[in-house]
Each structure stands twice: as structure tokens, then as C-alpha cells.
Amino acid sequence: MSDVDVLVVGGGIGGLANALALTQKGLRVRVLERAPEFGEVGAGLQIAPNCTRILESWGLLEEVLSLGVRPENLVMKDAVDGTVLTRLDLSDARERYGSPYVVIHRSDLHGTLLRACRRAGVDLVNNVAVTAYEHVDDGVAVVHQGGREVAPVVLAADGLYSVARPLISDDEPVSSAYVAYRGAIPAEQVASMDVSMSDVVVYVGPHCHFVQYPLRQGEMFNQVAVFRSPKALAGQEDWGTPDELDAAFTDTCDQVRAGLPLMWRDRWWRMFDREPIMNWVQGRLALTGDAAHPPLQYLAQGAVMAIEDAWVLSEHVGAQLAAGGLDWDAALAAYNAVRPEHCRRVLTTARAWGELWHLTDGPREARNELLRHRDVHDYSFVDWLYGPTALTPDQEPPMFTPQPLEQPART
Ligand code: FAD
């Protein structure tokens with residue numbers, strides 16, 4: 001007999017979200033994390049209304065709002081001439097979507113989930129790297145340096161290089177040849193610069209883009225510089241180095257170039273995603289978060305999708321428990337019926353989004369002209385993302401079609 005109902009492998013945002021959601025439904029959950037401490041590396045994170053709505057249902061929105069910033073607009077500018085191309089007015093996002101758009105330091109969101117897991121009684125274990133999975137009669141066994149432990153259900157939340165995913169799919173991470181540099185710095189360092197402390201601003205340019213937004217109630221400022229690496233395209237191993245960063249932004253406007261010296265230069269993130277797969281479940285083993293659907297980050301939905309995964313699975317589990325008994329196979333099937341298709345749409349749209357942002361020459365000018373004329377209150381291209389998370393395939397909204405939004409059913 002296992003002493004837990006669910007083992008979660010990986011204690012990132014996705015793993016902790018799953019652990020919290022299932023514990024709130026009354027299950028006993030253990031998280032196995034390979035790192036010696038729970039934590040997040042990186043800087044800012046945008047969390048759209050489809051995520052904050054779920055955080056509110058878990059009782060975490062107040063804490064998240066106290067740590068983050070509610071931006072007024074998502075502004076898109078041209079990285080070469082610095083002009084505004086378009087914006088999305090977020091001031092009425094709460095009214096339209098029932099929940100706000102928030103930017104937050106990654107460690108603050110992770111810390112909020114971690115504290116909530118501790119309060120809820122999740123068993124949180126560090127220094128355990130899972131190396132293999134075995135299907136057994138009463139569930140799934142995970143293998144690690146300490147031996148082998150069995151649970152009725154195992155959720156693999158172990159990220160892009162998931163050890164569990166090869167059991168389900170033989171695909172490999174796909175390199176986009178793009179690199180991200182990040183930097184979250186005290187806001188005083190940008191006080192004399194031409195930056196916005198109330199908006200998320202993205203400068204889109206030829207094979208590059210640059211993102212800026214405030215963090216921690218305006219005490220910090222976050223920047224992300226993303227560019228295509230010539231060394232990656234040439235097949236060299238040491239791609240994404242700081243000399244490439246500087247070269248990639250040579251022809252950008254003053255505001256962008258002023259921000260570059262403030263980036264962290266000792267680490268960078270190579271941008272990989274994977275081909276979408278339409279099955280995430282094998283027996284009682286299920287993939288979740290980046291293990292299931294690592295995106296290119298251009299829609300800012302990677303962590304958001306991980307949190308949605310956790311909510312959807314836990315809602316199905318909760319509905320079963322409320323109906324008198326937990327049928328894990330049915331709950332996992334319900335999860336598998338709805339999440340892969342939604343995430344497939346996000347992954348493929350994120351790739352297309354990146355291509356649109358990084359256009360050059362004539363196509364870039366045509367894009368700019370079109371964007372300059374769009375209505376800043378047109379939400380049709382984000383309604384399918386920011387609206388209520390679907391629990392079943394028939395609730396999944398069509399893409400890019402304006403829909404009357406209804407608030408999600410709470411169970
Ligand atoms: P991970 O964060 O990768 O966590 C996996 C965890 O599993 C880690 O703690 C790891 O140590 C552990 N682990 C791995 N292997 C094992 C093992 N064998 N045994 C035990 N433990 C293991 N998303 C957004 O929603 N909004 C954004 O604005 C946004 N911006 C981004 C910007 C950039 C530059 C990048 C690169 C990504 C961005 N994302 C964004 C995406 C987001 O960061 C990820 O999608 C999200 O963090 C995935 O969380 P996860 O928990 O599934 O995986």
C-alpha cells in the first residue's frame with residue numbers, strides 16, 4: 001500500500017500547482033524534486049486572466065496581487081524605429097475576463113505556490129532525481145537513488161527534458177535557434193530611461209525582440225532580450241554568447257539599446273519547444289506542464305498552461321469524489337481529452353507569433369501597417385486564451401472568433 005495517493009515528479013510551477021490542487025481536493029500528495037531546494041531561476045512572468053482566475057479559486061490571488069503588478073496595456077512597438085504599432089488595453093480585462101492580467105517575479109509565484117503547498121500539507125521532498133518509471137498492478141513505480149516508490153497515480157512535471165515523456169512519445173526538443181537573455185533589476189537603475197512603469201512593452205524587430213515590464217509593485221524592472229543566433233544556425237555548440245546578443249540588436253532604436261547593458265550576461269536560455277503530442281497518459285502515468293507541452297514563450301502561456309493542467313485534472317478528480325468515488329482512469333481520460341488539443345493550439349500559435357514578431361524587410365513593413373490600424377479594444381485574438389479554461393472538449397472556444405464570455409463554473 002502506498003502512503004500517498006499521487007506522486008508528482010518535479011517541483012517547478014507545474015508540479016507545485018498539481019500538488020496543491022489535488023491536496024485541496026483531499027488527496028495525499030508527495031512531490032519529488034531533484035534540486036536541493038525548491039526554487040525558480042529567472043526573472044519575470046506574465047500571467048494572463050486564464051491563470052489568475054485559477055489562482056483566485058485556490059485562494060492565492062490576493063497574495064499574487066500584493067507581490068506583482070497589474071499592467072494597464074500590452075504595448076507592441078517596432079524595435080527599429082521605436083514607434084507604437086498597437087496595444088491591448090488591459091484596464092478592462094478584469095471586467096471582460098473576470099480576472100486580472102498580472103506580471104510577477106517567477107520566484108514570487110513559485111514561492112506563493114510553495115507556501116500554499118506547505119500549509120495544505122503536501123509532502124515536499126528534495127534531492128530526489130527520478131530516473132525511471134514502471135507500471136505495476138497498483139499504479140506506477142518511480143525509481144530513484146533512494147530506491148523505488150509506488151503510487152496509484154504519478155504526474156510527471158519534470159519539464160522540457162522529462163524522463164517520463166519518452167515512455168509516451170519518441171520526439172525530441174526542437175531548437176528554434178533563438179536565445180533569451182533576462183535581467184530583473186532595481187527600478188532605480190531605469191529611473192532616467194525612457195521606459196514605462198505601467199505597461200508590458202514588447203519591441204518587435206528583425207530576428208529579435210525585447211520585452212520590458214515592472215515587477216514587485218514597481219520596485220523592480222524586468223527585461224528580456226530574444227534573438228536568433230547565427231552560431232546556432234551554423235551548427236556551432238557555443239551558441240547564444242553575449243557577443244551575439246550585442247550584434248543582434250545593433251540596428252535597434254535607442255530605447256532598446258539603452259536596456260541591453262542591464263541584462264544578465266553570465267547566463268542565457270536557448271529557446272526549445274516540442275512538437276505537440278495528443279496523448280499525455282499511459283496507464284496511471286500522466287505528463288503535465290512543460291513535460292507535456294513546452295512552448296516557445298511568445299504567447300506567455302507556458303506556466304499558465306501548467307497551472308491550467310493542474311486545475312483541469314483536479315476539477316475532474318473533485319467531481320468524481322463528489323459523485324461518490326474516485327475513478328482515476330476516468331479522471332485521467334477526461335484530462336487527456338481536453339488539454340492536449342488546447343495546448344497544441346497554443347504551441348503552434350506561439351511559433352507563428354514568433355515568426356510574425358521577427359519579420360524583416362517588406363513583410364515587416366506590411367505587418368506594421370496592419371497593426372497600426374487595429375482596434376486596441378479588439379480582444380478576438382486572445383479570447384480563446386484568456387477566457388475560462390475548458391474542462392471538456394465542447395467547452396474549448398474556437399480560435400480568433402469573438403465569443404460572449406461566461407464565467408467558469410466552480411465546483
Ligand atoms: P519546469 O519549470 O521546467 O520545472 C520542472 C521541475 O522538475 C524542476 O524543478 C526540475 O528541477 C524538476 N525535475 C526535472 N527532472 C527531474 C527528475 N528527473 N526528478 C525530479 N525532479 C526533476 N510562461 C508564462 O506563463 N508566462 C511567461 O511570461 C513566460 N515567460 C517565459 C520567458 C522565457 C524566457 C522562458 C524560457 C519561458 C517563459 N515561460 C512563460 C514558460 C514557463 O517558464 C514554463 O512553461 C514553466 O516554467 C514550466 O513549468 P514546469 O513546472 O512545467 O517545468
Side-chain angles (χ1 to χ4, degrees), residues 7-19 30-48 50-52 54-55 68 71 74 101-107 109-110 113-114 124-133 142-146 154-166 173 176 178-184 200 202 209 211 213 215 222-227 263-264 267-274 287-310 343 346-347 350 354 385:
L7 270 177
V8 177
V9 178
I13 288 169
L16 295 186
N18 274 283
R30 177 176 301 139
V31 179
L32 304 176
E33 166 58 47
R34 70 178 171 192
E37 282 175 15
F38 287 93
E40 266 280 342
V41 183
L45 205 56
Q46 303 179 54
I47 48 174
N50 52 320
C51 179
T52 54
I54 292 171
L55 295 172
L74 298 179
Y101 197 102
V102 176
V103 287
I104 186 166
H105 200 291
R106 229 165 235 274
S107 62
L109 179 60
H110 187 270
L113 289 167
L114 187 61
L124 296 157
V125 186
N126 289 107
N127 293 309
V128 177
V130 170
T131 52
Y133 298 80
V142 303
V143 181
H144 50 73
Q145 72 274 32
V154 173
L155 301 178
D158 52 347
L160 176 69
Y161 298 100
S162 167
V163 175
R165 184 162 168 135
S176 68
Y178 276 77
V179 190
Y181 277 68
R182 290 157 155 164
V200 173
V202 53
H209 72 265
V211 185
Y213 52 83
L215 286 174
N222 186 64
Q223 300 193 115
V224 189
V226 177
F227 62 94
M263 309 307 297
W264 299 328
R267 70 204 109 154
W268 49 92
W269 287 261
R270 295 168 177 184
M271 306 281 86
F272 287 84
D273 68 356
R274 285 182 184 258
L287 305 177
T288 182
D290 269 12
H293 47 71
L296 296 178
Q297 80 281 13
Y298 308 136
L299 288 176
Q301 285 277 315
V304 170
M305 285 189 287
I307 286 171
E308 288 186 307
D309 291 348
C343 296
V346 177
L347 264 59
L385 285 171

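Both counts, for ligands and for their atoms, begin at 1 and track the order of listing.
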Contacts of type salt bridge (charged side-chain N to carboxylate O under 4.0 Å, His left out), residue R274, not counting sequence neighbours |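 R274 satisfies salt bridge (charged side-chain N to carboxylate O under 4.0 Å, His left out) with D171 only.
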For the pair W268 and Y181, name the ring-plane relationship: parallel under 30°, tilted 30 to 60°, perpendicular over 60°.
->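 Taking Y181 first and then W268, their aromatic rings lie parallel (interplane angle under 30°).
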Nearest atoms (heavy-atom pairs only) where L287 meets A164 |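 Between these two residues, the closest heavy atoms are CD2-CB, 3.9 Å.
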Donor-acceptor contacts, no H, no angles, side chain residues 32-48, under 3.5 Å, sequence neighbours left out:
unit_1	atom_1	unit_2	atom_2	d
E33	OE1	G11	N	2.7
E33	OE2	A35	N	2.9
E40	OE1	R106	NH1	3.4
Q46	OE1	Y101	OH	2.7

For Q297, what residues pass the side chain to side chain donor-acceptor pair (under 3.5 Å) criterion, not counting sequence neighbours?
->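 Side chain to side chain donor-acceptor pair (under 3.5 Å) list for Q297, sorted by chain: empty.
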Identify the protein atoms, limited to N or O, that lie within less than 3.5 Å of an N or O atom of ligand 1, and list each pair with its distance to 0.1 Å.
unit_1	atom_1	unit_2	atom_2	d
ligand 1	9 (O)	E33	OE1	2.6
ligand 1	9 (O)	E33	OE2	3.3
ligand 1	11 (O)	E33	OE2	2.7
ligand 1	11 (O)	R34	NE	3.3
ligand 1	15 (N)	R34	NH1	3.4
ligand 1	18 (N)	V130	O	3.0
ligand 1	19 (N)	V130	N	3.0
ligand 1	21 (N)	R34	N	3.2
ligand 1	23 (N)	G302	N	3.3
ligand 1	23 (N)	A303	N	3.1
ligand 1	25 (O)	A300	O	3.4
ligand 1	25 (O)	G302	N	3.3
ligand 1	25 (O)	A303	N	2.9
ligand 1	25 (O)	V304	N	3.0
ligand 1	26 (N)	Q46	O	3.0
ligand 1	26 (N)	A300	O	3.3
ligand 1	28 (O)	Q46	N	2.9
ligand 1	43 (O)	R106	NH1	2.9
ligand 1	43 (O)	R106	NH2	3.0
ligand 1	45 (O)	D290	OD1	2.8
ligand 1	45 (O)	D290	OD2	3.4
ligand 1	45 (O)	A303	N	3.3
ligand 1	51 (O)	I13	N	3.3
ligand 1	51 (O)	G14	N	2.8
ligand 1	52 (O)	D290	N	2.8

Between N50 and Q301, do the side chains contain an N or O donor and an N or O acceptor separated by less than 3.5 Å?
->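 There is such a pair (donor and acceptor under 3.5 Å, judged by atom type) between the side chains of N50 and Q301.
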